[in-house]
Amino acid sequence: MKTIVITGATSGIGLETARLFAAAGYRVLAVGHSTANCEKANSDIKSTCPEAMLAWFAEDLMQQREVERVAGEIKAFLAKEGVESLYALINNAGCARSWYMTTEDGYEQQFALNHLAGFKLTCELLPYLLKEGGRVIMTSSESHTGIKVHWNDVMLRRRYNPLTAYKQSKLCNLLFAKGLNDRYASAGLHAYGVDPGLVKTDIGNKTAGIVDIFWKFRKRHGVSPTIPAKNYLFICEQPEPPQWLYWYLCREQKYSRQVTSENATRLFELSEKLCGISYK
Amino acid sequence: MNVMITGAAGGLGRAMACECGRRGYDLFLTDINDKGLAPLKTGLERQFGVNVTTLASNLTSPASLDSLMAEVDRRGILFDMLLNVAGVDDEGAFVEMDREKVVGIAAINDVATLRITHSVLQRRRPGSKFAIVFVSSMASQFPIPLKATYAASKRFLLDFAEALHAELKPSGVNVLALCPGGMATKDSVIKAIEVQGLGGAVTTNHMELLTRRTIDRVLKGKTVYIPGAWNRTFAFFGKIVPRRVIASYLYKRWDKAQAKWLKG
């Protein structure tokens, strides 16, 4: 049986993706923000898929130390179950904000959760993923286009535009995937970014003002999260790992010209420093 | 530049610490929440490469302040700036509130702030300028029924800062009172802002701007900083309308809102 890890699994795209993988016979290690959310999502999935193999981990991945803690818990769980490898890691947890807000580490929240959390968790779980020639999938977005990474002010402190911060974090998802491929494709590990499209989820519910109006408008024409969920399973079900980086509705999609190996290396260096880790 | 920040592990204190780190200042951070200090120290060091020292303290306790200062002296730190961010907010009808809680508002916002300000001023770097910021509030601009103690405690800081500014100016100390409106520090605050609709959104201060401008202004020697055009407009009305009228208006407004809320 193949084991996968998915973050942000208690609602929206993450919940439907976890359900789909569980129904397809994968063992799903699901990470959610709180115990209450996890319990709710667990009974939700079990109600449609009673045979689901699920384990839940509740941490706030925005905080660096909680990423470390959940990585430790997952490793302990794998050791207990005698599992030595992971087939896939889906870095899906994300948020949208209206204002400049910091995590307990003093990092801007969208950058910290949408990018740094996945960057760090992937590093922690890398030995397990390399064993099985694993696949790492980021929930990116078409909003990653039309923007460059603000290298000199990555937390956007000079003048915080919340939508710019969101777009930048989604560009970082693709750069991270690109950098992973550059480093580990020869070792059998492949990374991807998925554009879920416009989806009706809870994202943007904790915003107010203009940003709140933006997200409400955006989501009005959204599809059900079951549609993008298929894309994640599609990538994992291919017997040979697909070679293309960016996907939309199970099809290869063009991505921003900013997604270069040079920018990916730059992002790796910056993120390694901020997370206190090293990919080597 | 050595900066002491109180209440550093919370929303505004943390944003202030990030702003100081961005400027390359070395930091001494304290907060009653000791769990929040360690990750912030690590995060600041990774982002800015500045020196960060942290020690938890309860500033309402003289003994706790003494051990904080003992640590400062042991390290031989002399300060160039003090940011008084630590404070609490609470509301409710005065007679119905828990007595110790009410007294605690004044004890933390005012008494503890006086205590640390007095002791940090003894540890000024000799021969250089010094800067102090008191985090007052928009609430300092009006008497606010049902939030009487909080508003008065913030008024205390505003008046104290303005007087201290004049008193210490000759010895090279700049004192600034910061009077912010709402700030997006945590989910519960954001909900409150959302409930207020557009009015809530326009009076909410942007923390990345507010922190930068606060430090800019105190270094320039300004006395009071009310961030945001809407907040300045409200503060202006606060000065021209008789305070008794404002107080009874605010009370009626709140009473109505509460009645509606109880019904609905």
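To find a chain, count down the sequence lines: A is the first, B the second, and so on, and within it residues start at 1.
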If I measure from the heavy atoms of chain B, does [X] come under 4.5 Å with its side chain, its backbone, both, or neither?
| X | value |
| --- | --- |
| A:Thr103 | backbone |
| A:Arg65 | side chain |
| A:Glu104 | both |

Should the pair B:Arg217 and B:Tyr225 be classed as cation-pi, given the thresholds of under 6.0 Å to the six-membered ring centre and 45° from the axis?
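Ring-cation test returns yes.
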
Are the aromatic ring centres of A:Tyr279 and A:Phe268 under 6.0 angstrom apart?
yes

Which portion of [X] sits near chain A, non-hydrogen atoms under 4.5 angstrom:
| X | answer |
| --- | --- |
| B:Thr185 | backbone |
| B:Ala17 | neither |
| B:Leu209 | side chain |

Looking at A:Arg158, A:Arg97, A:Gln63, which makes the most heavy-atom pairs under 4.5 Å with chain B?
A:Arg158

With side-chain contact (heavy atoms from CB on, under 4.5 Å) as the test, pick out the partner of B:Val85 among B:Val135, B:Leu178, B:Thr30.
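Exactly one pass, corresponding to B:Val135.
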
Going by atom types alone, do A:Tyr160 and A:Gln110 pair a side-chain donor with an acceptor below 3.5 Å?
yes

CH2 of B:Trp230: more than 12 outside heavy atoms within 6.0 angstrom?
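Result for CH2/B:Trp230: open.
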
Let's test your reading of the structure: which of B:Gly43, B:Ala15, B:Pro39 forms the most heavy-atom pairs below 4.5 Å with chain A?
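The candidate making the most pairs under 4.5 Å is B:Pro39.
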
Any non-hydrogen side-chain atom of A:Lys75 less than 4.5 Å from a side-chain atom of A:Glu124?
yes

